[in-house]
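Have a look at the structure below before the remarks.
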Amino acid sequence: MSRAAPVAAPPVEAADFKAAMRALAASVTVITSRRGDQLNGMTATAVCSVSTAPPQILAVVNRETTSHGLIADTGAFAVNILAAHQQDLAGRFARRLDQPFEGVAHGWGETGCPLLAEAVAVIECRLRERHHAGTHTIFVGEVVGVSCRGAEPLLYFDGGYRRLAASGGAVV
Ligand SMILES: Cc1cc2nc3c(=O)[nH]c(=O)nc-3n(C[C@H](O)[C@H](O)[C@H](O)COP(=O)(O)O)c2cc1C
């Protein structure tokens with residue numbers, strides 16, 4: 001008689017994991033992509049620098065998103081770091097929309113991706129590596145263009161959008 005394989009207990013409870021991750025403050029970005037006439041953007045906090053030589057960043061993207069297909073197919077994406085006054089765009093690009101850029105001020109990058117006007121910084125990338133990780137793919141992009149405005153960034157912390165404290169400054 002065969003026995004069912006024992007189901008391994010998860011090493012941590014999902015609720016505990018989520019509670020811990022709520023403590024990770026992050027800048028809010030919109031990752032933009034384009035395939036022909038199809039433009040897309042998705043709000044994302046799972047973005048970080050990888051190396052400076054060569055300049056590379058990574059973005060962690062759910063495979064069920066529209067953006068995932070566009071980035072995987074075209075090999076290009078742009079990370080737009082939102083300014084504090086752009087919270088409406090963070091909400092907008094966290095949903096699927098038929099016309100995501102209708103009424104949204106934007107220009108065009110050298111890879112053809114839309115670039116959001118008034119973003120604190122924009123980082124244009126060509127896809128170099130992809131790694132499967134659970135429900136997501138880690139896209140590693142080589143940076144082919146940057147622009148920086150130096151404005152105050154929009155933050156996400158403890159489940160909500162935040163701004164830097166007015167009294168904030170360097171800790172010495
Ligand atoms: C604050 C915030 C951060 C998010 N970060 C990510 C992320 O890093 N990666 C991801 O795949 N989805 C993330 N999402 C969810 C996507 O924005 C959401 O699934 C979006 O609808 C995907 O758009 P698309 O299907 O048009 O590509 C985040 C949502 C919010 C509100």
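Computed from a predicted structure; not experimentally measured.
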Nearest heavy atoms of [X] and [Y], plus distance in Å:
X	Y	result
Val144	Cys125	CG2-N, 4.2 Å
Leu24	Phe157	C-CD1, 4.5 Å
Ala59	Val47	CB-CG2, 4.3 Å
Ile81	Ser27	CG2-CB, 4.3 Å

To the nearest 0.5 Å, how far apart are [atom1] in [X] and [atom2] in [Y]?
X	Y	atom1	atom2	result
Thr52	Ile57	OG1	CD1	13.5 Å
Thr137	Arg130	OG1	CZ	8.0 Å
Ile123	Gln56	CD1	CD	13.0 Å
Gln38	Thr74	CD	OG1	10.0 Å
Ile138	His136	CD1	NE2	10.0 Å
Ser67	Arg34	OG	CZ	15.0 Å

- Restricting to pairs with a member in residues 133-148, which pass salt bridge (Lys or Arg N to Asp or Glu O under 4.0 Å), not counting sequence neighbours?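 Passing the test, one end in residues 133-148: Arg128-Glu142.
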Heavy-atom check, side chain of [X] versus side chain of [Y], under 4.5 Å:
X	Y	result
His68	Asn62	no
Leu116	Leu82	yes
Pro100	Phe93	yes
Cys48	Leu58	yes
Val120	Glu152	no
Glu124	Leu115	yes
Thr43	Thr29	no
Thr111	Phe77	no

Joint hydrophobic cluster, [X] plus [Y], side-chain heavy atoms closer than 4.5 Å:
X	Y	result
Ile71	Val143	yes
Val104	Leu70	no
Val50	Val60	yes
Trp108	Leu89	yes
Val79	Val146	yes

- Item | Passing option when Ser33 is tested against Asp73, Val61, Asn40, Leu39 for side-chain contact (heavy atoms from CB on, under 4.5 Å) |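 Among Asp73, Val61, Asn40, Leu39, the one that satisfies the side-chain contact (heavy atoms from CB on, under 4.5 Å) with Ser33 is Asn40.
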- Message: Run Glu118 and His85 through side-chain hydrogen bond (donor to acceptor under 3.5 Å, both in side chains) and show every step you take.
- Response: CA-CA 9 Å; Glu118 298 185 24; His85 71 274; 2.7 Å; yes
- Judged by atom type as modelled, is there a donor-acceptor pair below 3.5 Å linking the side chain of Thr32 to the main-chain atoms of Pro114?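 Yes: the side chain of Thr32 pairs with the backbone of Pro114.
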- Query: So, the side chain of Glu102 versus the backbone of Gln99: is there a donor-acceptor pair under 3.5 Å, distance only?
  - Reply: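 A pair under 3.5 Å: no.
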- Does the ring centre of His131 sit less than 6.0 Å away from the ring centre of Phe139?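 No - the distance between ring centres of Phe139 and His131 does not fall below the 6.0 Å cut-off.
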- Does a donor on one side chain and an acceptor on the other come within less than 3.5 Å for Thr66 and Arg96?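 The answer is yes; a qualifying pair exists.
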- Look at the rings of Tyr161 and Tyr156 and say which category their plane angle falls in: under 30° parallel, 30 to 60° tilted, over 60° perpendicular.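 Answer is perpendicular, since the angle exceeds 60°.
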